[in-house]
2 protein chains.
Amino acid sequence: MSPAISATPDALAQRLATSGLRSTPQREVIYGVLLKKRDHPTADEVYARVRTDMPTISLATVYNCLETLVQCDLVRAVNFERGPTRYCPNLRPHAHFHDESSGSTHDIDLPADLLEKVSAVLPPGYDAKSVEITFRGRATKNSS
Amino acid sequence: MSPAISATPDALAQRLATSGLRSTPQREVIYGVLLKKRDHPTADEVYARVRTDMPTISLATVYNCLETLVQCDLVRAVNFERGPTRYCPNLRPHAHFHDESSGSTHDIDLPADLLEKVSAVLPPGYDAKSVEITFRGRATKNSS
DNA sequence: GTCTTAACTTAGAATAGTTCTAATTATCAC
DNA sequence: GTGATAATTAGAACTATTCTAAGTTAAGAC
Ligand SMILES: [Mn+2]
Ligand SMILES: [Mn+2]
Ligand SMILES: [Zn+2]
Ligand SMILES: [Zn+2]
């Protein structure tokens with residue numbers, strides 16, 4: 001089992017420390033915002049949400065902190081189309097379903113064996129460190 | 001069997017016609033450039049290659065034509081990280097392997113049943129129109 | 001063949017998203 | 001506390017892309 005599978009705000013200080021980084025109010029509130037509403041917000045959206053708690057934060061800091069969280073493996077940067085990067089704090093293996101009618105993105109949990117099956121298609125000489133799966137289509141009802 | 005699985009320059013005029021669009025020298029040379037070197041170039045890279053044949057073409061036209069080719073389903077726009085969109089004329093079902101040491105992107109053909117297996121993880125209410133699979137890692141030797 | 005009209009291309013301006021720079025502020029080790 | 005280092009900040013700069021408005025080309029009507 002990989003470490004910090006259940007992401008909590010407390011996990012943050014630990015992860016930062018093991019990377020030789022400091023826990024700061026800005027990093028904490030940004031991580032909290034990501035955990036609170038897991039709708040894959042953009043940096044701008046994170047900025048807007050963070051400002052209600054911390055009105056003096058700068059957009060540059062939001063970018064800096066998001067990048068830090070990604071480097072710590074607490075957050076995934078998600079890019080499946082042209083347009084701003086989105087951020088996802090879900091650390092379980094999961095795919096993304098992009099609902100083209102609503103523009104929203106949903107997490108789809110993946111059974112452990114599926115990623116193995118998918119990776120099995122790689123010819124010899126290809127060594128994959130990660131796999132990303134993205135669906136596009138319509139989701140009827142069921143928002144989360 | 002889906003139409004125009006084997007992409008040729010000739011397929012272009014047909015596809016454009018059925019979409020009510022014109023075949024133009026710019027569209028032809030851009031599509032030819034994509035077919036000739038299938039390394040998932042960016043719009044800027046396409047622009048540079050096209051200019052050796054057609055020095056007066058504009059970058060705006062390159063963007064316009066690439067978008068047209070994507071709309072005609074002759075080319076896939078590929079986005080798996082922040083940065084410029086890349087373009088792929090491979091119409092077979094395939095995944096992308098992004099080699100992080102070289103920065104290059106390789107096509108990985110997918111067996112027909114794999115996409116079904118992958119789509120089977122979707123809960124009821126999710127109707128996927130397309131699936132994208134991206135690997136990241138190192139490819140030892142074997143460039144194409 | 002000319003005319004008409006719509007499609008297409010073009011250069012350059014504008015925009016969006018992100019990164020960089022340089023100055024300030026906060027934190028840590030001692 | 002002092003000095004060194006890390007982090008934040010505002011704003012400028014940058015990259016990729018889209019928009020605008022003008023010019024060009026080509027298809028269809030006659
Ligand atoms: Mn969308
Ligand atoms: Mn890369
Ligand atoms: Zn996610
Ligand atoms: Zn491809």
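Chain letters run A, B, ... following the sequence lines, proteins first and then strands; every chain starts at 1. These figures come from a predicted structure and were not determined experimentally.
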Nearest 0.5 Å, what's the CD-CZ distance between B:Glu100 and B:Arg136?
6.5 Å
So what does A:Thr85 hit on the nucleic acid, given a heavy-atom distance under 4.0 Å: a base, only sugar-phosphate, or nothing?
sugar-phosphate
Between A:Arg27 and A:Thr68, is a side chain to side chain contact (heavy atoms under 4.5 Å, CB included) present by the stated rule, with each step listed?
CA-CA 8 Å; A:Arg27 286 169 180 173; A:Thr68 299; 3.8 Å; yes
Nucleotide nearest B:Ala60 (side chain, heavy atoms from C-beta), chosen from D:dA16, C:dT18, D:dC19
D:dC19
Residue whose closest nucleotide on DNA chain C lies nearer the 5' end, B:Leu59 versus A:Arg86
B:Leu59
Output all residues satisfying ring-ring contact (aromatic ring centres under 6.0 Å, His included) with B:His94, sequence neighbours left out; order by chain, then residue number.
B:His96
Where the side chain of B:Gln26 is defined as all heavy atoms beyond and including C-beta, which of C:dG12, C:dT9, D:dT17 is the nearest nucleotide?
C:dT9
Is the distance from OP1 or OP2 of C:dG17 to the nearest side-chain N or O of B:Arg82 less than 4.0 Å?
no
Determine to 10° how strongly the helix from C:dG1-D:dC30 to C:dC30-D:dG1 is bent, judged from the axes of its five-pair ends.
30°
Decide side chain to side chain contact (heavy atoms under 4.5 Å, CB included) for B:Phe135 and A:Val121; before the verdict, give the C-alpha distance in whole Å, the side-chain angles of both, and the deciding distance to 0.1 Å.
CA-CA 11 Å; B:Phe135 299 92; A:Val121 307; 4.1 Å; yes
By ring-ring contact (aromatic ring centres under 6.0 Å, His included), which residues pair with A:Phe97, not counting sequence neighbours?
B:Tyr126
Can you tell me which nucleotide in C:dG12, C:dT18, D:dT8 comes closest to the side chain of A:Thr61?
D:dT8
Any ion pair linking A:Arg49 and A:Asp39 (charged N to carboxylate O, less than 4.0 Å)?
yes
Report the distance from atom CD of A:Glu45 to atom C1' of C:dT18, rounded to the nearest whole Å.
16 Å
Counting heavy atoms from C-beta on, name the nucleotide in D:dA10, C:dT9, C:dA11 closest to the side chain of A:Ser58.
D:dA10
In this structure, how many angstroms lie between the C1' atom of D:dT17 and the CD atom of B:Glu67, rounded?
11 Å
4.5 Å side-chain heavy-atom contact, A:Arg51 and A:Ile57
yes
Atom pair distance, as rounded to whole Å: CD1 in B:Ile30 and P in C:dC8:
13 Å
Please report, rounded to the nearest Å, how far the C1' atom of D:dA16 is from the OH atom of B:Tyr87.
10 Å
Under 4.5 Å between any side-chain heavy atoms of A:Leu110 and A:Leu115, yes or no?
yes
Rounded to whole Å, please give me the gap between CG in B:Asn64 and P in D:dT24.
18 Å
Do A:Thr134 and A:Val78 make a side-chain contact, defined as non-hydrogen atoms from C-beta onward lying under 4.5 Å apart?
no
Does B:Cys72 offer a backbone N or O that forms a donor-acceptor pair with the side chain of B:Arg15 under 3.5 Å?
yes
So do A:Ile108 and B:Pro123 actually touch side chain to side chain, heavy atoms under 4.5 Å?
yes
Dump every N/O contact between nucleotides 23-30 of chain C and the protein below 3.5 Å, one line per pair.
from	atom 1	to	atom 2	distance (Å)
C:dT27	O2	A:Arg22	NH2	3.4

Interface with DNA chain D, restricted to residues 46-57 of chain B and to heavy atoms under 4.0 Å:
none
Tell me the interatomic distance from B:Leu21, atom CG, to D:dA26, atom P, rounded to whole angstroms.
16 Å
Of the nucleotides D:dA10, C:dG17, D:dT17, which has the atom closest to the B:Pro84 side chain?
D:dT17
Rounded off to whole Å, could you give me the CD-to-C1' distance for the B:Gln71 and C:dC8 pair?
16 Å
Looking at B:Tyr63, I'd like to know whether one of its side-chain N or O atoms comes within less than 4.0 Å of OP1 or OP2 on D:dT17.
yes
Applied to residues 46-72 of chain A, the ring-ring contact (aromatic ring centres under 6.0 Å, His included) test, sequence neighbours excluded, yields none
